[in-house]
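What follows is one structure encoded as structure tokens, with my remarks underneath.
Every number for a ligand or one of its atoms is a count from 1 in the order of the listing.
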Amino acid sequence: MSAKNKMTKKLHIKTWGCQMNVYDSGRMADVVAPLGYAATDEAEDADLLIFNTCHIREKATDKLFSELGRARDMQAERAKQGQRMIVAVAGCVAQAEGAEIQRRAPYVDMIFGPQTYHQLPEMIARVTRETGGVLNTEFPVEPKFDSLPRQTGGEIAAFLSIQEGCDKFCTFCVVPYTRGAEYSRTVASIVAEAETLVQSGAREITLLGQNVNAFHGVGADGAVWGLGRLFYRLAEIPDLKRLRYMTSHPRDMDDELIAAHRDIPQLMPFLHLPVQSGSDRILEAMNRKHTRDEYRRIIDKLRAAKSNIALSSDFIVGFPGETDEDHAATMELVRETGFAQAYSFKYSRRPGTPASAMIPQVAEAVKDARLHELQALLQTQQNAFNQNLVGQTLPVLFDGPKRGEKPGDNEQVHGRSPFAQSTFIERGDAPLHRIVGQELMVKITQARQNSLTGVLKQN
Ligand code: 5AD
Ligand code: SF4
């Protein structure tokens, strides 16, 4: 074995949950790369196996323990060959249920929350030096963003985390407990990372945060910048063709951000702005801090600023105390507003959140019926939105061959429309490198529930 091979260790991360977790998994890989860890697709080959978990809705813990059972077998198998497999649990389940994991799965070497990823090398060193595990679910004062290496990218459509945590305390949600208080990065560090991403090929950047439009980062001038102002600055980066952001809270949709939608062509006409419910009574019980009318007025302002903006939302059905009338109000809000896409969930009780103790909890069968009805309406709206694009010519930013197809096949190429739908074209005779990374005009010929197909418009 060469010296180089001896150095190389294998890392496998299994990721559940939101885009923040996908991003965090990438950053964990960046942090341990200097220690010699390279990614492998095969969990059983891993020297370091990390489960990056999500706690926002149901069954996260059950899923984790069944995966951990398998991990223990792999760990034992490796031990027979005299090799060490470090098993780690990261993310929001680790944060919320660290002690329980330690008790039920003592073979897990490291349990650590989302605020501690920059300390991974130190935690690995502790585990390899000592016997016994690491439980690290602190919210350290030293913010993790400032200590993580800058991401190097390589993606055409990249993600950049600018904000973390949430101070909104919606009564159903674990995020304020698992991700902690709202923290924004500095403008300088975000701009520097965006520039690095663009230099390594990114043409689109999606700014991420649990409550991204609550962003209030310190600028070079010492002033606190909101998200709108940050977009004006990012729009100055040459070759950065597209900007997006998620997830936003209606209360933080300020005038500067709405003006940014009007003024900045790079800011895509798409917004994920969860409303959760259309009933004022339920919105109040959820502690959403806005009414249904306030939400409608924000949408009106957005449409006045950017007439073609496509809207997306999250909905929860069956929140404690939700009546048929409340549900009808949600249906009505959907009908009035018109969504290009949306996510909807049955309320699930999260231990420790105020809503989990509220009564009456809604019966499962009622939740099922309401979810079914809501999803049918949302799907109809999504379908109508997509069908309406057939015949139109849209700029599509292409990011690579369709998943599962290898370069060299006469493949389809994947891109995104301004409204974030996956859009496919046949590559035909055009070489892949002439398409990928480019924003090209595409005539839409076909619309499906979740994607579009088109042909390159000849110039
Ligand atoms: N039950 C159901 N859905 C939830 N969400 C958050 N917490 C819960 C819960 N306890 C949904 C919200 C949020 C999305 C990310 O997940 O709609 O916007
Ligand atoms: Fe959770 Fe979003 Fe509410 Fe924050 S704003 S508590 S992340 S649902």
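Between Phe231 and Tyr245, the gap from one ring centroid to the other is short of 6.0 Å. Taking the ring centroids of Phe315 and Phe339, they lie under the 6.0 Å cut-off. Taking the centre of each ring, His414 and Phe424 come in below the 6.0 Å mark. Residues Phe319 and Tyr347 bring their aromatic ring centres within 6.0 Å.
The set of protein atoms (N, O or S) found at less than 2.8 Å from atom 1 (Fe) of ligand 2 reads Cys173 SG, by chain and number.
Close contacts between ligand 2 and His249 involve ligand atoms 5 (S) [criterion: under 4.0 Å to a heavy atom]. For ligand 1 and Asp314, the ligand atoms under 4.0 Å from any heavy atom of the residue are 13 (C), 14 (C), 15 (C), 17 (O), 18 (O). For ligand 1, the atoms sitting less than 4.0 Å from at least one non-hydrogen atom of Gln276 are 12 (C), 13 (C), 17 (O), 18 (O), numbered in the order shown with element in parentheses. Listed by number with element, the atoms of ligand 1 under 4.0 angstrom from any heavy atom of Ile56 are 6 (C), 7 (N), 8 (C), 9 (C), 10 (N), 15 (C).
In this structure a side-chain-to-backbone donor-acceptor pair under 3.5 Å is present from Arg350 to His55.
With a heavy-atom cut-off of 4.0 Å, Phe172 touches ligand 1 through backbone and side chain alike. Of the heavy atoms in Ile316, only side-chain atoms (C-beta onward) come closer than 4.0 Å to ligand 1.
To the nearest 0.5 Å, atom CE of residue Met358 and atom OG1 of residue Thr353 are 8.0 Å apart.
No side-chain heavy atom of His216 sits less than 4.5 Å from a side-chain heavy atom of Leu227. Within the 4.5 Å cutoff, side-chain heavy atoms of Glu336 are placed close to those of Arg296. Residues Ile101 and Leu68 form a side-chain contact, since some pair of their non-hydrogen atoms from C-beta on lies under 4.5 Å apart. You'll find the side chain of Asp368 reaches within 4.5 Å of the side chain of Lys346, heavy atoms only. You'll find the side chain of Arg242 stays beyond 4.5 Å of the side chain of Thr206, heavy atoms only.
Summarising the contacts of atom 2 (C) of ligand 1 with His272, Met286, Arg349, Lys346, the nearest heavy atom is found in Lys346.
Among all protein heavy atoms, the one lying closest to atom 11 (C) of ligand 1 is Arg57 NH1, 3.4 Å. Summary of contacts: the protein heavy atom closest to atom 1 (N) of ligand 1 is Ser348 N, 2.9 Å.
By the 3.5 Å distance cut-off applied to N or O atoms, Arg350 is not counted among the residues near ligand 1. Note: no N/O pair closer than 3.5 Å links Tyr347 and ligand 1 by distance alone.
Every residue meeting the salt bridge (Lys or Arg N to Asp or Glu O under 4.0 Å) condition with Arg281, not counting sequence neighbours, appears here in chain and number order: Asp326.
Using a 4.0 Å threshold on non-hydrogen atoms, atom 8 (S) of ligand 2 counts as touching the protein.
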